[in-house]
Every structure is written in structure tokens, then in C-alpha cells.
Amino acid sequence: MSGHGEPIPMKSRRAGPLKGDALVPGDKSISHRSLILGALSVGETRITGLLEGEDVLGTAGAMRAFGAEVARLGEGEWRVHGVGVGGFAEPDDVIDCGNAGTGVRLIMGAMATSPITATFTGDASLRSRPMARITDPLALFGARAVGRAGGRLPMTIVGAADPVPVHYTTPVPSAQVKSAVLLAGLNAPGETVVIEREATRDHTERMLAGFGAEVRVEDTGEGRVITLTGQPELRPQEIAVPRDPSSAAFPVCAALIVEGSDVLVPNIGLNPTRAGLFETLREMGANLDFQNPREEGGEPVADLRARFSPDMKGIRVPPERAASMIDEYPILSVVAAFAEGRTEMVGVKELRVKESDRIDAMARGLEANGVTVEEGEDFMVVHGMGPGGVPGGATVAARLDHRIAMSFLVLGMATREAVQVDDGAPIATSFPGFEPLMAGLGGRIERADG
Ligand SMILES: O=C(O)C1=C[C@@H](OP(=O)(O)O)[C@@H](O)[C@H](O)C1
Ligand SMILES: C=C(OP(=O)(O)O)C(=O)O
């Protein structure tokens, strides 16, 4: 898990019109949470549409290590027999979460209020990411953490034997931090309160309520206040995971920049805490239609049609929208390169602590392909070159970051010269089947010789 084996260099060439249905995989955030909450409930949870990417498979393995019975029944179809809140067993080996920030951080939260000890590690990307944002609030519950300098993995968490509930304001807009605190709060007596000044994805709150926990969410002057009553008995659920809007972003954005394209992404999750990219693209003048909006399993979904959009203009993306599209800035910066004028992305410093420093990775890669980019600690500005205006021709370092790899492969679908990424292997963490899906639409992405 903690390595990706041999790098897989990949090359993307200018494509003809992209056409057809893009059946993108299940939502990564919801998939992790389905497995974790399934493992913490009493009885059998059934999941369909689970993302079978490396990140989520790592979480499935971790839930087994903590004592839950997790079985794959068919494609995307899983069964989890949970051990109940407070029922986790101590794993007998190190938990390897691979590339998954969400996996490791939510699992740390889920085990931190049980009297067990677990050691976590991951790949080189995950081992470089900050964990103090999780272990600081977990310490308030009574858990202890020992990791490498700077709060990095590998790290051991000694769970609290007598946890106390906490009242915590998240210092950074992060659904992972919020979720880790809520999951830890599950096994603390009394009420755990999390306050977030800016709303982040709310799948944990929604799903906790679905599993029968008492969760109250209030919008106040302080921000969103989430109150969870600890030590519930979680009831197993049937969960249909919607398709991932963050994965849908790649075929959708490819359709916007490749001449003549018309692509439909059926059944994607459009939770408002995740949909900021689509609002931004519409403001830029993208040809996007939401069809058949409906609700499934407590989450809003719709079918999204994207067509070639030759008249897109750069805009200033409002900073208060950042949390709702945090994983989509890399692909937005690709679309911005084909718009007219400047696209300003501000209030985005969280991008520097993802699988890679995504501001630096995008700026260097776009520049190498002929696009002018300005950047600072907290912002990035892409100078658009208009449809068909981006030269391309360079090889980009993917830095163990699936979204960087996929973004540049989309770039290459509309540049004059082919674009190469040095390693497409991390794409399998969130979007297995990316290459055949793009090929099915008419894309020309292939494994290159390095
Ligand atoms: O909670 C989640 O499922 C996620 C939260 C976000 O991370 P942060 O909480 O670090 O912003 C996001 O970038 C990640 O892909 C998934
Ligand atoms: C940031 C991401 O994931 P994670 O934090 O789970 O590694 C992502 O998928 O873009």
C-alpha cells in the first residue's frame, strides 16, 4: 500500500469531440464514511456504488484490522458487519492508509476514544502531510499521539480509556478535521460540539443522522455548530453511493475545452458543499445543464451535461466558495488556461497541504506548457490563452497526486502538442478506470515510454 510500484508515464494528445455518457466511480468521501460508520454500527450495512479505488480499499482493510467484517459481494457492492460504537479491537499490525488523507484522519478520530493503540503510516505523500490538525483535538478527548517531527506519519495513537466530550472550533476549513472530531465524539459520553466558521462538506453529519445518531446542525453568527450526542447505538444502513462530483470534474472539464464535445455524467452527487466548481464554471460561461435533479440516500443528485464552451471568460473565484470546490482547483486551472482573461483563485492555501502542494504543482506544470501563472502563499492566477491557445508539449511531475496527473492529462486533450505526466499510477487512488473512460468518450490518453 505505502508505495505505488513502478511509475506509469502517460501521454495525452489533442482529441476530437468527446461524446457519450461518463459513468464516473462512486464518491470517495461518502465511500470512506460508509465503511467507517458501517464498522461502528451494530449489524450489517450494505453499500452499493462504493468507490473501489486504492484509498477506499485501504479504509476497508483498516476496518477489518479494527475487528469489523468487511466483504465485497460484487462490483461496488459491499457488506460491513459492524462492531458498534466503542467496539473496535486493537489492530495487530501497522495500519497503512496509502495515499489517503481522508482515510487516515477519519480512522484516527474513530479509534481515539477507545482504549486501544494503533500505529498509522502511508505513502511518501501521506507521510509528508500534517496530522497535528487531527491529533490536537483528539488530545482534548484524552488520546495521545506520538509521530515524527512536525506531526507526520508514521504515528501512534493511544486511545483515551476515559474519554471526555469536547467543544472544538476547527482552526482550518477542513471536513477531515470536523469528521475526526465527530467520530471521536461518538464514543465520548455527553455532547461533543464542533464549530466551523466556513461550511465544509457535510457527509459525516448527514450520514451520522442516517445511522441514527443524534446530531444537531445550527447556522449561527459563529459559523456552523454541530452538536453530537455521544455513545449512540448506530443502526446499520443501506447506502447507495452517488457518483463522485470531484471525479466527474475531469470528463466535464475535458468536454468544455475540447471542440465539438457533448458529454453526460449521470447520477452525480451535487451536495451544495461539493458543487462549487460547477457554479464557478457556469459563471465563466461554461455550457452546463443539470438534468433530472433528485435526492438519493440523503444526498442531492442530478445528471450533468457538459458541452464545448468556446466563450469562457476568466473570473475571480470568491474565497468563500473554496471549501466547496477544494479538490477542483487543479482542474479549474486547466479550464482557466483555455478561457479569455485572468482567473483568480484566492483563499486557497489549503491546496498546499494536499497530496502535493497543488498550487506549486499546477503553476510549474502550466508554465512548462506555455501558460502564464502568478502565485502566492494563498492564491493562484491563471492567464487564459483562449480556446486552442495553449501550446502544451511538456512533461509534468505528478508528485504522487492523482488530481495533478488527471488535470494535466485533460490539458493535453486540447493543447497543440501532447502533454505527458511522469507517473499516472496515483490515479488509481480515486478514479480507477480513468483511462478507459476517457478513451470511451474519444480521448487519446496512452501509457508512454517515460
Ligand atoms: O472529508 C473529506 O472526505 C475530504 C475533505 C477535504 O480535505 P480537507 O478536510 O483536508 O480539506 C478534501 O480535500 C478531501 O479530498 C476529502
Ligand atoms: C485531497 C484529497 O484526498 P485526501 O485528503 O483524502 O488524500 C483529494 O482526493 O483530492
Side-chain angles (χ1 to χ4, degrees), residues 1 24-37 51 53-59 62 97-110 120 122-134 137 153 170-183 194 196 198-208 241 244-250 269 271 273-274 276-277 299 322-332 347-359 361-362 398-407 426-432 434:
M1 273 291 294
V24 303
D27 190 279
K28 178 155 72 71
S29 293
I30 296 176
S31 294
H32 282 298
R33 287 161 172 80
S34 304
L35 291 167
I36 296 170
L37 287 181
L51 166 63
E54 288 168 5
D55 277 17
V56 173
L57 297 178
T59 291
C97 290
N99 192 251
T102 309
V104 75
R105 289 174 172 146
L106 269 55
I107 296 166
M108 281 179 172
F120 297 88
D123 71 2
S125 159
L126 194 58
R127 291 197 307 272
S128 74
R129 294 176 69 183
M131 295 297 149
R133 55 178 55 198
I134 301 297
L153 302 179
T170 55
V172 284
S174 165
Q176 294 177 4
V177 174
K178 168 178 65 179
S179 301
V181 175
L182 290 172
L183 292 171
V194 187
E196 52 179 8
E198 295 167 49
T200 64
R201 64 191 69 195
D202 62 357
H203 308 299
T204 303
E205 299 91 296
R206 286 176 187 249
M207 208 180 274
L208 277 168
V241 180
D244 196 325
S246 300
S247 297
F250 296 101
N271 179 316
T273 62
R274 297 287 299 282
L277 172 73
E299 294 275 347
S324 68
M325 53 178 289
I326 194 66
D327 294 340
E328 283 67 75
Y329 283 96
I331 189 63
L332 174 65
V348 293
K349 67 170 177 292
E350 275 295 300
L351 294 179
R352 296 211 180 264
V353 291
K354 298 295 181 185
E355 282 82 330
S356 69
D357 174 341
R358 287 180 172 165
I359 295 180
M362 289 311 299
R399 307 186 189 191
L400 286 182
D401 190 332
H402 52 132
R403 300 210 195 273
I404 300 301
M406 288 187 279
S407 295
I427 293 172
T429 61
S430 71
F431 200 154
F434 172 77

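Just so you know, ligand 1 is whichever comes first in the structure, and atom 1 is the first atom listed for that ligand. Small disclaimer: the values here were computed from a predicted structure and weren't measured.
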Original post:
Tell me: protein heavy atom nearest atom 3 (O) of ligand 2, and distance?
Top reply: Glu355 OE2, 2.9 Å
**OP:** Please determine, by modelled atom types, if Ser125 and Arg399 share a side-chain donor-acceptor pair under 3.5 angstrom.
**Re:** no
**OP:** Report yes if the side chains of Asp27 and Glu299 come closer than 4.5 Å at any heavy-atom pair, otherwise no.
**Re:** no
Subject >> Gap separating the CG atom of Asn99 from the CZ atom of Arg127, nearest 0.5 angstrom >> reply: 11.0 Å
**OP:** Tell me which protein heavy atom sits closest to atom 10 (O) of ligand 2, plus the residue, atom name and distance to 0.1 Å.
**Re:** Arg403 NE, 2.6 Å
Original post:
Polar-atom distance check: Gly101 versus ligand 2, any N or O pair below 3.5 Å?
Top reply: yes
Original post:
Hey, does His32 come in under 3.5 Å of ligand 2, counting only N/O atoms on both sides?
Top reply: no
Original post:
When you look for heavy atoms under 4.0 Å from ligand 2, do you find them on the side chain of Arg358, its backbone, both, or neither?
Top reply: side chain
Original post:
Which atoms of ligand 1 have any heavy atom of Ile326 under 4.0 Å away?
Top reply: 13 (O)
Subject >> Atoms in ligand 2 flagged as close to His402, the criterion being non-hydrogen separation under 4.0 Å >> reply: 8 (C), 9 (O), 10 (O)
Original post:
Would you say Ser29 has any N or O atom under 3.5 Å from an N or O of ligand 1, going by distance alone?
Top reply: yes
Subject >> Closest non-hydrogen atom pair between Asp401 and Ser356, with its separation >> reply: OD2-OG, 2.9 Å
Original post:
Taking atom CD1 of Ile134 and atom CG of Leu183, what is their separation to the nearest 0.5 Å?
Top reply: 10.0 Å
**OP:** Decide whether His32 and Thr102 meet the rule of one side-chain donor and one side-chain acceptor closer than 3.5 Å.
**Re:** no
Original post:
Judging by distance only, is a nitrogen or oxygen of Gln176 under 3.5 angstrom from one on ligand 1?
Top reply: yes
**OP:** Return the option from Val104, Thr59, Thr102 holding the heavy atom at the smallest distance from atom 6 (O) of ligand 2.
**Re:** Thr102
Original post:
Taking only heavy atoms of Arg33, which atoms of ligand 1 are found under 4.0 Å from at least one of them?
Top reply: 1 (O), 2 (C), 3 (O)
**OP:** Return a yes/no value for Asp327: is any of its N or O atoms, backbone included, closer than 3.5 angstrom to an N or O of ligand 2?
**Re:** yes
**OP:** Mark yes or no for whether Lys178, through its side chain, and Glu196, through its backbone, hold a donor-acceptor pair below 3.5 Å.
**Re:** no
Original post:
For atom 9 (O) of ligand 1, what is the nearest protein heavy atom, given as residue, atom name and distance?
Top reply: Ser174 OG, 2.6 Å
Original post:
Between the side chains of Ser246 and Lys28, is a donor N or O closer than 3.5 angstrom to an acceptor N or O?
Top reply: no
Subject >> Heteroatom distance test (Lys354, ligand 2): nitrogen or oxygen, under 3.5 angstrom >> reply: no
Original post:
Any idea which of Glu350, Lys28, Lys354, His402 brings a heavy atom closest to atom 8 (P) of ligand 1?
Top reply: Lys354
Original post:
What are the two closest non-hydrogen atoms of Ile404 and Met362, and how far apart are they?
Top reply: CD1-SD, 3.6 Å
Subject >> Contact check: Arg403 vs ligand 1, nitrogen or oxygen atoms, below 3.5 angstrom >> reply: no
**OP:** Say whether Ala175, considering both its backbone and side-chain N or O atoms, lies within less than 3.5 Å of an N or O atom on ligand 1.
**Re:** yes
**OP:** Could you pull out the closest heavy-atom pair between Ile326 and Leu351, with the gap in Å?
**Re:** O-CD2, 3.2 Å
**OP:** Check each heavy atom of Arg129 against ligand 2 and say whether those closer than 4.0 Å belong to the side chain, the backbone, both or neither.
**Re:** side chain
**OP:** Please work out whether the ring planes of Phe250 and Phe434 are parallel, tilted or perpendicular, with thresholds of 30° and 60°.
**Re:** perpendicular
Original post:
Going by the order shown, which atoms of ligand 2 are within less than 4.0 Å of some heavy atom of Asn99?
Top reply: 7 (O)
**OP:** Check ligand 1 against Thr102 and write out every atom of the ligand that is under 4.0 Å from a heavy-atom position of the residue.
**Re:** 2 (C), 3 (O), 4 (C), 14 (C), 16 (C)
Original post:
With a cut-off of 4.0 Å, which atoms of ligand 1 are near a heavy atom of Asp327?
Top reply: 12 (C), 13 (O), 14 (C), 15 (O)
